[in-house]
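Note sheet for the following structure.
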There are 2 protein chains.
Amino acid sequence: MPMATIIDGKAIAQTIRKEIADEVRSLSQNYNKVPGLAVVIVGTRKDSQSYVSMKRKACAEVGIRSVDIDLPEQISEEEVIAKVHELNENPDVHGILVQLPLPKHISEEKVLSEISIEKDVDGFHPLNIGKLAMKGREPLFQPCTPKGCLELLIRSGISIKGKNAVVVGRSNIVGLPVSLLLLKADATVTIVHSHTSNPESIIREADIIIAAAGQPKMIKGGWLKSGAAVIDVGTNAVDDPTRKSGYRLVGDVDFEEANKVAGWLTPVPGGVGPMTVAMLLKNTLDGAKRKFTQ
Amino acid sequence: MPMATIIDGKAIAQTIRKEIADEVRSLSQNYNKVPGLAVVIVGTRKDSQSYVSMKRKACAEVGIRSVDIDLPEQISEEEVIAKVHELNENPDVHGILVQLPLPKHISEEKVLSEISIEKDVDGFHPLNIGKLAMKGREPLFQPCTPKGCLELLIRSGISIKGKNAVVVGRSNIVGLPVSLLLLKADATVTIVHSHTSNPESIIREADIIIAAAGQPKMIKGGWLKSGAAVIDVGTNAVDDPTRKSGYRLVGDVDFEEANKVAGWLTPVPGGVGPMTVAMLLKNTLDGAKRKFTQ
């Protein structure tokens with residue numbers, strides 16, 4: 001039975017982090033300054049805390065200064081926005097990341113739209129998305145997870161130009177922007193979503209599949225074209241009584257089945273996840289470089 | 001031989017213009033003010049002059065005040081931008097349209113990005129495109145031609161949700177934004193372009209086709225699924241010695257062939273063209289309404 005080449009996101013992310021660390025070191029030598037990333041967390045959600053501590057640790061490893069902002073659950077929207085404004089003005093901060101979700105009494109849209117476009121390392125500002133979409137325009141920052149998906153393809157030697165790419169899911173943070181990136185890379189792009197009547201037959205024509213639907217094991221081996229490149233963005237917790245935690249993470253793709261059909265395949269975890277953090281560091285580095293060389 | 005239902009863009013546009021005229025009249029009665037559209041032309045290109053005079057005439061017919069700005073070919077970029085700023089400040093102007101192309105010594109991107117987002121009736125500002133792309137966000141103005149395509153479908157009773165839609169072409173002014181509009185309307189969207197390896201087989205799966213490639217008669221009858229809705233945005237001049245002008249306009253779709261296969265079909269001219277102007281009037285009306293009711 002043929003086996004897919006497993007795309008080792010952890011190893012690729014490690015290579016990228018090494019490249020970033022080298023660049024940070026040389027920036028520090030040339031300008032006597034290092035890039036800074038403000039990571040803002042509101043409240044005490046366990047999952048958010050774990051993401052945030054991962055991001056802060058990743059900063060430290062490559063020499064990026066992490067500016068830690070921990071705000072209480074009860075803080076008002078105005079106070080969060082005031083903090084964002086303060087970070088916008090802080091010359092040592094080159095990127096601002098507000099960990100989502102925010103508590104219900106705070107509008108995420110309002111808070112995110114207050115982040116200076118020059119420090120929007122998540123790349124979620126509508127002006128950035130518009131420039132991402134438009135031919136001949138480039139955003140200051142590409143969203144991290146979509147950018148990570150493209151990096152995985154490129155660094156695995158998978159060509160994108162002229163290929164049929166199918167994106168499953170159309171969220172603002174993954175599906176939509178990754179479609180726009182693939183289109184800019186000259187793929188023929190189809191976006192499949194919950195209203196699509198025939199996802200299987202569309203996915204079967206795809207040379208490249210980006211699965212970002214948030215549906216555990218939704219995509220079966222039989223849905224895939226032989227030799228396709230499959231990037232699985234899904235990170236779904238499913239019950240697993242054999243684990244101490246009581247759950248394990250699975251992707252949107254049935255890995256065991258896909259492994260027999262696909263040409264390339266990312267695992268979950270260890271595929272796209274580590275790339276998201278690496279791209280966040282890269283965006284912060286790029287933001288700092290723009291400032292230092294102004 | 002079955003024949004497609006011809007979508008009469010001219011008649012639908014006429015209905016919309018009548019609706020707009022009624023609204024302008026009632027605005028004028030309630031607020032003692034009328035919407036105003038500034039139509040800016042630089043230089044003396046024959047085609048641009050003809051488009052501009054058509055737009056100005058269309059304004060007059062529905063009671064929108066047309067503010068005519070005719071600038072000489074040799075004007076500097078700074079002077080054009082100064083004129084745009086003046087129109088941004090003018091409270092009688094609710095929409096600003098700069099006819100493209102501009103002379104080579106003037107950057108279109110720079111000039112267009114100076115138009116106030118609240119008067120960007122063409123809807124081309126990247127912030128508008130970003131909001132068009134994003135779920136849960138809405139732009140102040142949708143670009144006119146894409147909006148016209150959707151109106152043709154809706155007013156012809158063609159449902160979009162869950163249908164396979166294929167957009168041929170990915171320009172910033174038609175292909176890209178019409179894809180985003182179809183996606184927001186819950187179609188499954190594929191964007192086909194010059195690097196697509198198998199356009200025919202993709203188009204053959206489409207329930208809805210928006211042809212905006214600028215390639216005369218590129219799409220043959222045999223490329224279409226029986227009963228498909230075909231919106232032809234192409235307006236290509238081809239030589240025709242039997243005409244006094246020496247040319248005639250044809251679409252991106254082979255009309256004679258498509259007419260035997262498609263369920264619905266727009267003619268060229270008389271399909272999308274009149275809708276673009278009607279949507280420009282509609283956007284100007286909407287911009288004025290937002291101001292009047294503030």
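The analysis underlying the following values was restricted to heavy atoms, covering all of them including side chains, and did not include hydrogens, waters or symmetry mates. Not measured: the values here are computed from a predicted model. The sequence lines fix the lettering, A, B, ..., with proteins before strands; numbering per chain opens at 1.
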Other residues, nucleotides and ligands only: do more than 12 of their heavy atoms fall within 6.0 Å of NZ on K220(B)? yes
Sorted by chain and number, sequence neighbours left out, salt bridge (charged side-chain N to carboxylate O under 4.0 Å, His left out) with R155(B) holds for E19(B), E151(B)
With only heavy atoms counted, which part of A187(B) is less than 4.5 Å from chain A, the side chain, the backbone, both or neither? backbone
First locate atom CG of N172(B), then atom CZ of R137(A), and finally report the distance between them rounded to the nearest 0.5 Å. 8.0 Å
With a 4.5 angstrom heavy-atom cut-off, could you sort out which part of D186(B) is near chain A: side chain, backbone, both or neither? both
Taking C-beta and beyond as the side chain, do H193(A) and L183(B) meet within less than 4.5 Å on heavy atoms? yes
So with a 6.0 Å cut-off around CD of E118(B), is the heavy-atom count from everything else above 12? no
Which distance, rounded to the nearest 0.5 Å, do you find between the CD1 of I191(B) and the CG of L182(A)? 10.5 Å
Under a 4.5 Å heavy-atom cut-off, does chain A meet the side chain of K161(B), its backbone, both or neither? side chain
Of all the heavy-atom pairs spanning S197(B) and G162(A), show the shortest one and how long it is. OG-O, 3.7 Å
Against chain B, label E205(A) side chain, backbone, both or neither, depending on which of its atoms sit under 4.5 Å from a heavy atom there. neither
Is chain A contacted by the side chain of N164(B), its backbone, both, or neither, given a heavy-atom distance below 4.5 Å? side chain
Point-to-point distance, once rounded to the nearest 0.5 Å, from CD1 of I129(B) to CG of L132(A): 12.5 Å
So which heavy atom on P126(A) is nearest to which on K131(B), and how close? CB-CG, 3.9 Å
